[in-house]
Amino acid sequence: MPTEEAMDIAVDAGLDLVEIQPNANPPVCKILDYGRYKYQAQKKAAEARKKQKTVEIKEIKMRPNIDTHDYEVKMRNMLRFFNDGDKVKVTLRFRGREMAHQDLGMNLLNKVREETSEIAKVESSPKLEGRQMVMVLAPIK
């Protein structure tokens, strides 16, 4: 239908002529209340923002010769982070002569990997970065 005729119909109805698909051939238009349309689109966008969750990366720091109770506390915190849907970065810091015993650190990170295997997957395997060994775990959905 010609644009002028559509505009006349919209004005008679007290509404607006809104172009929905300008790239179509011919362009697609609707007769509606533009203010209400914008309000509903804004509400829909706000609802979508409210429902989405940002995934955070939580960090757990350990040492190669960590005591059993300290290790258990760190594991409990890690499980809580996974239940919240967050990723966990396990950092193992070496100090002084501990660098000569990197195998202890690797064993500790492998132990963490095995204990969390049912609820988390390894996103980046353990690797040495300077004086610390880093591994990233993500929850299984």
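For the numbers below, each heavy atom of this structure counts, side chains included, while hydrogens, waters and symmetry mates do not. Keep in mind the model is a prediction, meaning the values are calculated, not measured.
- For the atom pair I66 CD1 and K111 NZ, the distance stands at 9.0 Å (nearest 0.5 Å).
- Take A24 and apply the side chain to side chain contact (heavy atoms under 4.5 Å, CB included) test, not counting sequence neighbours, and it matches Q21, V28.
- Side-chain contact of T91 with Q132: a donor-acceptor pair under 3.5 Å is absent, judged by distance alone.
- When the side chain to side chain contact (heavy atoms under 4.5 Å, CB included) test is applied to M99, the partners found at least two apart in sequence or on another chain are F94, Q102, L128, R131.
- How far CG of L104 is from CG of N65: 8.5 Å, rounded to the nearest 0.5 Å.
- Clustering ILVMFWY residues whenever any of their side-chain heavy atoms sit less than 4.5 angstrom apart, transitively, puts M75 in the very cluster that holds F82.
- A 4.5 Å side-chain heavy-atom check between H101 and D103 finds at least one atom pair inside the cut-off.
- In terms of heavy atoms, M135 sits closest to P126 at SD-CG, 3.6 Å.
- Every residue meeting the salt bridge (Lys or Arg N to Asp or Glu O under 4.0 Å) condition with D86, not counting sequence neighbours, appears here in chain and number order: K53.
- Hydrophobic clustering of Ile, Leu, Val, Met, Phe, Trp and Tyr side chains at less than 4.5 Å, counting indirect connections, unites M106 with L137.
- Atom NZ of K61 has 12 or fewer heavy atoms from other residues, nucleotides or ligands within 6.0 Å.
- Every residue two or more places apart in sequence or in another chain that forms a salt bridge (Lys or Arg N to Asp or Glu O under 4.0 Å) with E98 is listed here: R63.
- Sorted pairs that involve residues 7-36 and meet salt bridge (charged side-chain N to carboxylate O under 4.0 Å, His left out), not counting sequence neighbours, are lacking altogether.
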Is there a side-chain contact (heavy atoms from CB on, under 4.5 Å) between V90 and M78? Walk through the geometry before answering. CA-CA 9 Å; V90 183; M78 205 179 299; 3.9 Å; yes
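- Between M7 atom CE and I31 atom CD1 the span is 10.0 Å, to the nearest 0.5 Å.
- Other members of the cluster containing Y39 do not exist, because no ILVMFWY side chain is joined to it at under 4.5 Å.
- Hydrophobic cluster membership is shared by V112 and V122, with clusters built from Ile, Leu, Val, Met, Phe, Trp and Tyr side chains linked at under 4.5 angstrom.
- By the salt bridge (Lys or Arg N to Asp or Glu O under 4.0 Å) test, K74 is found to be paired with no residue, residues two or more places apart in sequence or in another chain being considered.
- For the atom pair L15 CG and Y37 OH, the distance stands at 14.5 Å (nearest 0.5 Å).
- Residues forming a salt bridge (Lys or Arg N to Asp or Glu O under 4.0 Å) with E72 (at least two apart in sequence, or on another chain): none.
- When hydrophobic clusters are built by joining Ile, Leu, Val, Met, Phe, Trp and Tyr residues whose side-chain heavy atoms come closer than 4.5 Å, directly or via intermediates, V73 is not grouped with I60.
- A distance of 9.0 Å separates CD of E56 from CG of D84, quoted to the nearest 0.5 Å.
- Residues satisfying the side-chain hydrogen bond (donor to acceptor under 3.5 Å, both in side chains) criterion with Y71, sequence neighbours excluded, are E115.
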Checking K44 against E47 for the side-chain contact (heavy atoms from CB on, under 4.5 Å) test, could you report, in this order, the C-alpha distance in whole Å, the side-chain angles of both residues, the deciding distance, and whether it holds? CA-CA 5 Å; K44 201 179 290 183; E47 189 69 29; 5.7 Å; no
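- To the nearest 0.5 Å, atoms CD (E59) and CZ (F81) are separated by 10.5 Å.
- By the side chain to side chain contact (heavy atoms under 4.5 Å, CB included) test, E129 pairs with K127, V134, sequence neighbours left out.
- For R80, the side-chain hydrogen bond (donor to acceptor under 3.5 Å, both in side chains) criterion is met by N77, not counting sequence neighbours.
- A search for side chain to side chain contact (heavy atoms under 4.5 Å, CB included) contacts involving A6 returns M1, L17, not counting sequence neighbours.
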